Amino acid sequence: MPNSKGNRADTRNKLSNPVREQGASPPSGAVREFDEGQKVHIKIDPSVPDGRPDPKFQGRTGSVVGEQGRAYEVEINDGDARKTVFVRPQHLVEQG
């Protein structure tokens, strides 16, 4: 049987909360707002499956370029390439 190499492979620790933080996230995370040009960190909240970026972007820092629906467009550097990631506010933390 072939090995699974899906986008959630090897994320056992990355996509799970510590025991005391498990359960529903506070609703304040969903109503957070970010301004265009603001620097943000991508920190995946495992309890919110919607609007989650690919786990390879966990811990990356980028700047907010715009909004699309309830999500934000975040531009990050991935090696030599500049990439745009669409992320909901639950998975973003402002820098600083």
Side-chain angles (χ1 to χ4, degrees):
M1 196 154 133
N3 272 351
S4 171
K5 296 295 181 189
N7 66 343
R8 292 179 69 176
D10 303 324
T11 59
R12 180 182 187 134
N13 295 317
K14 194 182 289 188
L15 295 183
S16 62
N17 278 329
V19 174
R20 291 176 186 257
E21 294 177 18
Q22 288 180 0
S25 293
S28 61
V31 295
R32 256 185 275 171
E33 293 189 6
F34 300 97
D35 299 323
E36 219 170 289
Q38 187 174 0
K39 293 281 191 183
V40 292
H41 298 297
I42 296 177
K43 182 176 182 281
I44 297 175
D45 183 359
S47 60
V48 181
D50 293 336
R52 180 186 349 219
D54 193 282
K56 71 180 176 184
F57 298 123
Q58 167 80 359
R60 298 291 182 96
T61 302
S63 57
V64 175
V65 179
E67 286 186 66
Q68 184 163 338
R70 286 185 263 174
Y72 288 95
E73 294 180 51
V74 180
E75 204 167 72
I76 61 167
N77 285 327
D78 188 23
D80 293 334
R82 197 116 176 98
K83 293 190 176 178
T84 302
V85 183
F86 297 94
V87 187
R88 287 237 183 130
Q90 295 95 323
H91 308 291
L92 295 174
V93 179
E94 64 181 77
Q95 182 182 16

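Quantities reported herein were computed from a predicted structural model and do not represent experimental measurements.
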Original post:
Given the rule that I, L, V, M, F, W and Y join up when any side-chain heavy atoms are under 4.5 Å apart, are Y72 and I76 in one cluster?
Top reply: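 Hydrophobic grouping puts Y72 with I76.
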Original post:
With hydrophobic residues grouped by side-chain heavy-atom distances under 4.5 Å, do V87 and F34 end up in a single group?
Top reply: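 Same hydrophobic cluster.
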Drop me the distance from [X]'s [atom1] to [Y]'s [atom2], to the nearest 0.5 angstrom.
{"X": "R88", "Y": "R32", "atom1": "CZ", "atom2": "CZ", "result": "13.5 Å"}
{"X": "T11", "Y": "Q58", "atom1": "OG1", "atom2": "CD", "result": "10.0 Å"}
{"X": "N17", "Y": "I44", "atom1": "CG", "atom2": "CD1", "result": "11.5 Å"}

Subject >> Side-chain heavy atoms of V74 within contact of V40, under 4.5 Å >> reply: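 When only atoms from C-beta onward are counted, V40 and V74 do touch, with a gap below 4.5 Å.
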**OP:** For F57, enumerate each residue passing the ring pair (Phe, Tyr, Trp, His ring centres under 6.0 Å) test, keeping only those at least two apart in sequence or located in another chain.
**Re:**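 Partners of F57 by the ring pair (Phe, Tyr, Trp, His ring centres under 6.0 Å) criterion come out as none, since no residue qualifies.
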**OP:** Applying side-chain contact (heavy atoms from CB on, under 4.5 Å), run through R52 and L15 and close with a yes or a no.
**Re:** CA-CA 10 Å; R52 180 186 349 219; L15 295 183; 3.7 Å; yes
Please say whether more than 12 non-hydrogen atoms of neighbouring residues, nucleotides or ligands are located less than 6.0 Å from [atom1] in [X].
{"X": "R8", "atom1": "CZ", "value": "no"}
{"X": "E33", "atom1": "CD", "value": "no"}
{"X": "K43", "atom1": "NZ", "value": "no"}

Original post:
Between Q90 and A30, what is the shortest heavy-atom contact and its length?
Top reply: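 Minimum heavy-atom contact is NE2-CB, 3.6 Å.
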**OP:** Might you point out which heavy atoms bring E94 and H41 nearest each other, and give the distance in Å?
**Re:**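 Nearest heavy atoms, E94 then H41: O-CD2, 4.3 Å.
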Original post:
Who pairs with R82 by side-chain contact (heavy atoms from CB on, under 4.5 Å), at least two apart in sequence or on another chain?
Top reply: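 Here the qualifying residues are S63, E75, N77.
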Subject >> Salt bridge D78-R60, side-chain N to carboxylate O under 4.0 Å >> reply: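 Looking at R60 together with D78, the answer is yes, because their closest N to O distance falls below 4.0 Å.
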